[in-house]
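Heavy-atom basis, side chains included; hydrogens, waters and symmetry copies ignored. Predicted model, so just to flag it, every value in this text is computed and none were measured. Just so you know, ligand 1 is whichever comes first in the structure, and atom 1 is the first atom listed for that ligand.
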Amino acid sequence: MAALLESIHSPADLKSLSFAQMAQLAEEIREFLIQSLSRTGGHLGPNLGVVELTLAMHYVFNTPEDKFLFDVSHQVYTHKIVTGRREQFATIRQPGGLNGFMLRTECEHDCYGAGHAGTALSAALGMAVARDMAGGTENIVAVAGDAAFTNGISFEALNNIADQTRRLIVVLNDNEWSIDRNVGAIARYFHRIVTNEHYQHLHDFSRKVVQKIGGQTAVNVMRRAEEAAKGILWPSMLFEEFGLEYYGPVDGHNLPLLVETFKFLKNADRPVLLHVLTQKGRGFQPAMDLTKKFHGLGPYDPETGKTSAGQQTWSEAFANALVELANQDSRVVAITAAMPNGTGLDLFRPHHPNRYFDVGIAEEHAVIFAAGMATRGFRPVCAIYSTFLQRAFDPIVHDVALQKLPVLFCLDRAGLSGDDGPTHHGLFDIAYLRGIPEMVLMAPKDENELADMMKTALTLNGPSAVRYPRGPVAGVQHRAPQVLPVGKAEVIADGSEVAILGLGHMLPMAIDLALKLEADGYSAAVINPRFIKPLDNRLLAQYAEKVAAFVTFEDHVKMSGFGSAVLEALEEMGSKVPVVRIAWPDQFIEHGKIEALRQKYGLTVEEAQKQVLPLLSRSQRRTLVAS
Ligand SMILES: Cc1ncc(C[n+]2csc(CCOP(=O)(O)OP(=O)(O)O)c2C)c(N)n1
C-alpha cells in the first residue's frame, strides 16, 4: 500500500500535510477505493467524486466536535477511511463489517445516519438550532448531491434555515447525476450555472486569485466578482432568495481552493451554500464512461470495470411484463422516482418513451402525480422500492386509496436487501399497506405470476400493490400473463395435519418444510397465498377445520405482517388453530448476506420445523401407527 495513506489514522493526521501531499493522498485513496470495492462492491462512482471535497472538509474542520452530514451518505467512504476505519475497509458491506452508509453506532465521527435521500439539510438545521440554543460553537456542514434537491424535504429545510440559524454550511455537490442523469427544472437550473460562460470565466479567475493570495481576501474577491456576475445573469438566485449566501460554483477537485473556501465559510455569519462541481467516477475510466452502472455495483474487475453477467432479476421481469401490458393497453404509464435503473424501468423507457416518467427523488410527488393521472383514465404503475415507498404513505392513503384510484404500486426490493442494510431492507410494506382500505396486496411466487398480478391489477377499480424481492427470479418458462381471481390462494399440495403458507418467493421454503414433515409422517398442505389482502378466508376456514397448525413464511417483519393477517383472520372466524409465523423479528436487521441473516434470525425451514412439531404431536405419526 502507498505510504501516505498508511499514515492517516484520524483527521488530525491530515492537518500537517501540504497541498501536494493532500493531492497525493487523494490519488492513493482513489486507488484504494478502486481495488477494495472491486472485491466487496459498493458505491464507487459517488465516492471517487468526493475524495478532495472530503479531505478539504476534514482539513479545515474538526470532527467529531464539528458535524458532517452527508445526504443519503453513500458517498462517505473517504470519510470512513480518514476517520480510523481504513483497516476495516475491506469488510464494508460484508457480514459483521463496516456499513456502507453513515452509522451513528459505528463511529463517533458519524453524527447522523442515512440511506434515504433528502434528509441532510433538515437534520443539519436541527443540529444547528440545538447548538445555538446550547450556546455552542461547533460547525455544521451538510453535503447534499444535486439530486437531493429534487427532493421536497431539502426545500422544506431551505424554507426554514435562514429564519432559524445564522451558522450552517450547506455544500451542494453537483455532478449532474442522480443514479441516472438528474432530471427536472432544478437539474436544468444547476446545469445553466455550471455551463454559463461567465461563470466558467469567473471560476478560472477565482481559482487563480485563491492560489495566489489565499485565504479570506481571496474568497471575498471571488464573491464580489461572482455577485457582480450574478446580478447580470440571475437577479434572483435561488438560494439567495432562501436567505443563504451562495458561493460557487467551485472546482470540487481543487484542494487548495476548497480548503481556502471552507476556511472563509467557517467564519460566515449567515447560512451559506457552497456549490462544488465534481465528477462522478473520477479517476477510473470505466466509472466515468458508465456513470449509471458505477453508481453502485457488486464486485468488478479493477482493471476493466467488467462485471459478470447475472441471471434475470425480478426488476427485469417486471419491466418485461410492463412492456407487454403497455403494448396491449394504452392507458398504462410508468413512473419512477429517480430509479430507472434499479427498478428496471430503463428497459421500459425505449418502448414507450412518452409513457415513462422519472420525477426525481420525489416519492410523495410520484404517488400524487399517479393519482392525478388515474383520475383522467390512465393506469399508472409506480415502480418504487419497498423502503422508499415508506416516504409516500400518506399519499397512498389520502390521494390514491381514499379516492379509490387504480394506481398499481410495484414494490421492488421487498424483503431483506442484504448488503445495503437496514436503511434499504424492504421489511415493512405489508404492515403499512395492509391496513389501508381498498388496497389489494399481492406477492408472486415467480416471474409469470408477477405478470399475472400486474395484469390482474389493470382490471381493478382501485389501488393495488405487488411486492417482489431483490435478486434473480425463479427462472420458469415464460407464458402469457393471465388475470387471477382476486383473493384466491393457490393450493400447491393438499394435506390434512398442517397447512404451510409460503408468501411469494418464500414458497420454496414452504415446499421444503412440507417434504420434511411428510418424511416424518405428517400430511402437509402447501399454499401459495398470492393475496395478502384480501386474504383467502374461505381456504383458511377449510384448513382450520382439519389441520393442527398453520405455518407462514414471509420476508417481512413478523409484526403486522402476513402471518399476523392469517392470525387475525383465524381469530375472527373463531378458530383456535395455532400459527407458527416465520418472519423477521421486531428489531432492525443489520447488513449482510441474506442467507446468513436468515440463519441468524431463524427464517429457516429447520426453525419452522422445530416450532411446529410440538403442535403436531397430538396427531398420530403414520410411522408409529404403522408399527
Ligand atoms: C428516498 C430515496 N429515494 C431513492 C433513493 C435511491 N438513491 C440513492 S443515491 C441516489 C442518487 C443520489 O444522487 P445525488 O444526491 O446527486 O448524489 P450522487 O450519487 O450523484 O453523488 C438515489 C436516487 C434514496 N436513497 N432515497
Side-chain angles (χ1 to χ4, degrees), residues 33 42-54 69-79 100-102 113-122 142-154 156 170-184 186-187 189-191 194 252-253 275-282 287-288 291-297 315 335-343 345-346 358-367 382-393 395 411-413 417 419-426 470:
L33 288 174
H43 288 101
L44 181 65
N47 281 288
L48 289 176
V50 296
V51 178
E52 288 86 1
L53 175 64
T54 313
L69 295 92
F70 289 86
D71 204 82
V72 186
S73 86
H74 59 308
Q75 71 289 59
V76 293
Y77 295 179
T78 298
H79 167 78
F101 300 89
M102 280 268 221
H116 290 197
T119 64
L121 272 59
S122 297
V143 178
D146 47 302
F149 288 86
T150 63
N151 186 272
I153 310 176
S154 297
E156 291 167 30
V170 178
V171 179
L172 158 57
N173 170 35
D174 185 358
N175 53 28
E176 303 208 11
W177 286 80
S178 184
I179 293 178
D180 214 286
R181 268 217 173 271
N182 200 10
V183 295
I186 289 287
Y189 175 75
F190 293 157
H191 186 72
V194 172
H253 302 295
H275 187 174
V276 301
L277 308 184
T278 60
Q279 189 182 17
K280 227 167 165 168
R282 188 179 174 93
M288 290 189 285
T291 316
K292 190 166 36 171
K293 170 175 170 180
F294 281 90
H295 172 88
L297 77 172
S315 314
I335 301 167
T336 173
M339 301 297 283
N341 198 23
T343 59
L345 278 188
D346 56 358
D358 178 356
V359 300
I361 311 178
E363 288 80 6
E364 293 154 275
H365 164 66
V367 173
C382 284
I384 300 181
Y385 287 10
S386 163
T387 188
F388 300 141
L389 195 64
Q390 288 166 195
R391 277 280 166 86
F393 178 67
L411 277 67
D412 201 317
R413 304 324 194 249
S417 84
D419 307 339
D420 279 331
T423 53
H424 284 58
H425 295 329
R470 181 184 188 174

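- Although no hydrogens or angles enter the test, the distance criterion places no donor-acceptor pair under 3.5 Å between the side chain of Asp180 and the main chain of Pro340.
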Atom pairs and distances, ligand 1 N/O vs protein N/O under 3.5 Å:
| unit_1 | atom_1 | unit_2 | atom_2 | d |
| --- | --- | --- | --- | --- |
| ligand 1 | 3 (N) | Glu363 | OE2 | 2.6 |
| ligand 1 | 16 (O) | Asp146 | N | 3.4 |
| ligand 1 | 16 (O) | Asp146 | OD1 | 3.3 |
| ligand 1 | 16 (O) | Ala147 | N | 3.0 |
| ligand 1 | 16 (O) | Trp177 | O | 3.0 |
| ligand 1 | 19 (O) | His74 | NE2 | 2.7 |
| ligand 1 | 19 (O) | Lys280 | NZ | 2.9 |
| ligand 1 | 20 (O) | Asn175 | OD1 | 3.1 |
| ligand 1 | 20 (O) | Asn175 | ND2 | 2.9 |
| ligand 1 | 20 (O) | Trp177 | O | 2.8 |
| ligand 1 | 20 (O) | Lys280 | NZ | 3.0 |
| ligand 1 | 21 (O) | Asn175 | ND2 | 3.3 |
| ligand 1 | 25 (N) | Gly115 | O | 2.9 |
| ligand 1 | 26 (N) | Ala117 | N | 2.8 |

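- Panel note: side chain Asn341, backbone Lys293; no donor-acceptor pair is recorded below 3.5 Å.
- Salt-bridge check for Arg413 with Asp420: failed, with every basic side-chain N at 4.0 Å or more from each acidic carboxylate O.
- No side-chain heavy atom of Leu48 sits less than 4.5 Å from a side-chain heavy atom of Phe294.
- The only member of Asn47, Val143, Thr54 that meets side chain to side chain contact (heavy atoms under 4.5 Å, CB included) when paired with His79 is Thr54.
- Qualifying ring pair (Phe, Tyr, Trp, His ring centres under 6.0 Å) partners for Phe388, counting only residues two or more places apart in sequence or in other chains: His116, Tyr385, His424.
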